[in-house]
Amino acid sequence: MTARRLGVGAALVAGELLPGDVEVTDDRVTRVGLPPAAGGRVAAPGYIDLQVNGFAGVDVMGADEDGLRHVDCALAQHGVTSWLPTLITASPAQVDRALGVLARHVGSAERAGARPLGVHLEGPFLSPRRLGTHPAEHRLDPDPDLVRRWRASGPVVAATVAPELPGALDLIRELSAGGVLVSLGHSDATAEQAHAGFDAGARTVTHLFNAMSPLHHRAPGLPGAALARPDVVVQLVIDGHHLHDDAVRVAWAAALGRIVMVTDATAAAGLEDGSYALAGVPVEVCGGAVRNRDGALAGSALSLDAAVRNAVALGADLADTLCAVTEAPARLLGRDDLGRLRPGGRADLVVLDDQARVVQTWVNGNPTETGRPVTRHSDDVPEERP
């Protein structure tokens with residue numbers, strides 16, 4: 001066994017930046033609080049992204065296992081050590097195929113880079129009024145038998161549901177009782193309908209403020225209900241496009257300690273402006289914003305390390321920000337083996353410079369130097385939706 005030090009001056013331990021270096025032996029953290037190294041670097045648990053539709057030229061819906069392995073490696077370049085492959089609304093046949101591929105990939109013992117934790121189904125049980133880029137022809141009202149079939153064929157660990165739909169509350173209860181994390185989103189729910197969804201077992205909200213009923217002082221909708229409840233975690237996409245800066249500050253002030261930052265990344269993430277696809281839907285990236293043909297936002301080109309820097313630039317405390325991409329998502333998933341930097345814990349780690357840029361990512365005790373491009377451009381962008 002060989003002990004190695006990270007060469008940091010502080011580390012995020014139990015939600016606070018503890019002065020001192022960190023020691024790793026094999027695949028475990030063995031000591032924290034050692035004499036600090038010079039240079040201002042900080043260690044944190046590896047980042048966890050709960051909403052990744054694609055990355056670095058690969059679209060999750062249509063990916064093969066080689067493509068998913070490419071995403072694993074590309075995400076690790078940005079500090080992510082665990083992620084949820086996310087499937088938007090599509091035909092049942094598309095979802096069936098994608099779940100089969102993802103089941104093999106999640107279950108594989110041979111991989112490098114970030115670890116896929118299971119599948120997030122972001123649809124198809126969404127409001128027809130708040131679909132965003134989700135194809136309307138594949139939207140459905142809740143269908144428990146379909147969900148049971150999908151859960152039997154793939155590792156579904158999270159699902160986004162609009163609580164106001166017929167049968168939604170029963171579906172939320174069933175999924176929650178089965179250990180699936182239910183998130184309310186793509187919803188036109190009133191505050192009362194949102195509260196009913198949370199009372200049924202939903203515990204979080206998909207990309208707060210986006211694709212949902214608006215916050216109004218006499219009709220607070222889904223955002224108001226989520227922000228008002230101390231038992232609900234809110235997910236934010238902080239890319240400068242999905243949310244106004246002041247909306248981020250309001251959410252941060254109202255829900256500090258129960259914020260999870262996600263990317264909603266598409267195949268365009270990590271690449272240049274241009275043409276891409278989101279589950280077969282053509283999208284264009286211009287100035288870092290991903291939009292469909294109608295000009296609506298369609299996921300993002302964001303990486304989670306950039307989201308961290310964006311939040312800090314808006315005034316968020318670094319320790320609080322790092323908790324929102326490590327401890328908070330791990331806690332939401334019920335994974336006490338992830339998201340924490342502690343002696344005896346798994347050595348999934350990220351090392352940051354004094355500008356919160358990722359300089360090294362450790363997965364299971366194996367360090368990966370970052371800064372090298374990991375790109376794979378999409379070969380084909382369909383002209384029409386399938």
Side-chain angles (χ1 to χ4, degrees), residues 47 49-61 70-71 74-75 77-80 83 86 88 122 130-135 185-186 206-212 214 235-252 259 261-316 321 324-325 355-358 370-385:
Y47 296 168
D49 196 339
L50 302 187
Q51 191 174 10
V52 180
N53 310 286
F55 205 86
V58 176
D59 181 61
V60 168
M61 181 69 78
H70 176 81
V71 174
L75 287 170
Q77 290 283 308
H78 295 272
V80 175
W83 65 293
T86 299
I88 71 163
E122 192 191 355
R130 302 291 177 180
L131 283 174
T133 296
H134 291 241
H186 286 275
T206 300
H207 43 54
L208 184 72
F209 295 119
N210 294 111
M212 63 183 60
Q235 300 180 37
L236 303 179
V237 180
I238 305 179
D239 65 348
H241 304 289
H242 279 72
L243 298 169
H244 189 281
D245 291 352
D246 283 344
V248 175
R249 294 187 180 103
V250 166
W252 208 270
I259 290 172
M261 293 164 54
V262 298
T263 61
D264 198 12
T266 64
L271 302 180
E272 299 176 351
D273 287 2
S275 299
Y276 299 90
L278 172 58
V281 179
V283 296
E284 291 288 330
V285 184
C286 182
V290 184
R291 299 186 184 276
N292 63 17
R293 288 177 171 173
D294 296 326
L297 288 172
S300 85
L302 182 67
S303 60
L304 205 52
D305 58 328
V308 167
R309 294 191 295 274
N310 291 344
V312 171
L314 291 176
T321 303
V325 295
Q355 302 298 311
R357 293 180 297 240
V358 175
T370 60
R372 301 191 308 273
V374 181
T375 60
R376 171 172 144 172
H377 286 273
S378 299
D379 295 323
D380 298 301
V381 178
E383 289 301 317
E384 300 293 339
R385 293 195 303 232

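All values derive from a computational prediction rather than experimental measurement. Because only heavy atoms are used, hydrogens play no part in the values below, and waters and symmetry mates are left out as well, while side chains stay in.
Between Leu278 and Ala298, the closest heavy-atom pair is CD2-O, 3.9 Å. Nearest heavy atom pair, residue Ala277 against residue Asp59, reads O-OD1, 3.5 Å. The shortest heavy-atom contact between Ala296 and Thr133 is O-OG1, 4.5 Å.
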Please test His241 against Leu302 for side chain to side chain contact (heavy atoms under 4.5 Å, CB included), starting from the C-alpha separation and ending with a verdict. CA-CA 10 Å; His241 304 289; Leu302 182 67; over 6 Å; no
Worked verdict on Phe55 versus Val80 for side chain to side chain contact (heavy atoms under 4.5 Å, CB included): CA-CA 12 Å; Phe55 205 86; Val80 175; over 6 Å; no
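By the 30° and 60° cut-offs, the orientation of the rings of His207 relative to His186 is perpendicular.
A 4.5 Å side-chain heavy-atom check between Tyr276 and Thr266 finds every atom pair outside the cut-off. Counting heavy atoms from C-beta outward, Glu122 and Asn53 have side chains that approach closer than 4.5 Å. Arg293 places a side-chain heavy atom less than 4.5 Å from the side chain of Pro282. Annotation: side chain of Trp83 is not in contact with side chain of Leu304 (no heavy-atom distance under 4.5 Å). Side chains of Thr321 and Met261 form a contact here, defined as non-hydrogen atoms less than 4.5 Å apart.
Between atom CH2 of residue Trp252 and atom CG of residue Leu236 there is a gap of 7.0 Å, rounded to the nearest 0.5 Å. With rounding to the nearest 0.5 Å, the separation of OG1 in Thr86 from CG in Asp49 is 7.5 Å. Summarising the geometry, atom CG belonging to Asp264 is positioned 9.5 Å from atom CG belonging to Leu297; distances are rounded to the nearest 0.5 Å. Note that OG1 of Thr263 is 10.5 Å distant from NE2 of His78, once rounded to the nearest 0.5 Å. Interatomic distance, CG of Asn292 versus CD of Glu284, reported as 10.5 Å (0.5 Å rounding). Between Arg309 atom CZ and Gln355 atom CD the span is 9.5 Å, to the nearest 0.5 Å.
Remark: Asp294 engages no residue in a salt bridge (Lys or Arg N to Asp or Glu O under 4.0 Å) (not counting sequence neighbours).
A donor atom on one side chain and an acceptor atom on the other are not found under 3.5 Å apart for Gln235 and Gln51. Asp239 and Ser300 share no donor-acceptor pair across their side chains, judged by distance under 3.5 Å alone.
Listed for the Asn310 side chain is a donor-acceptor partner under 3.5 Å among the backbone atoms of Ile238. His70 places a side-chain N or O within 3.5 Å of a backbone atom of Ala56 that can act as its donor or acceptor partner.
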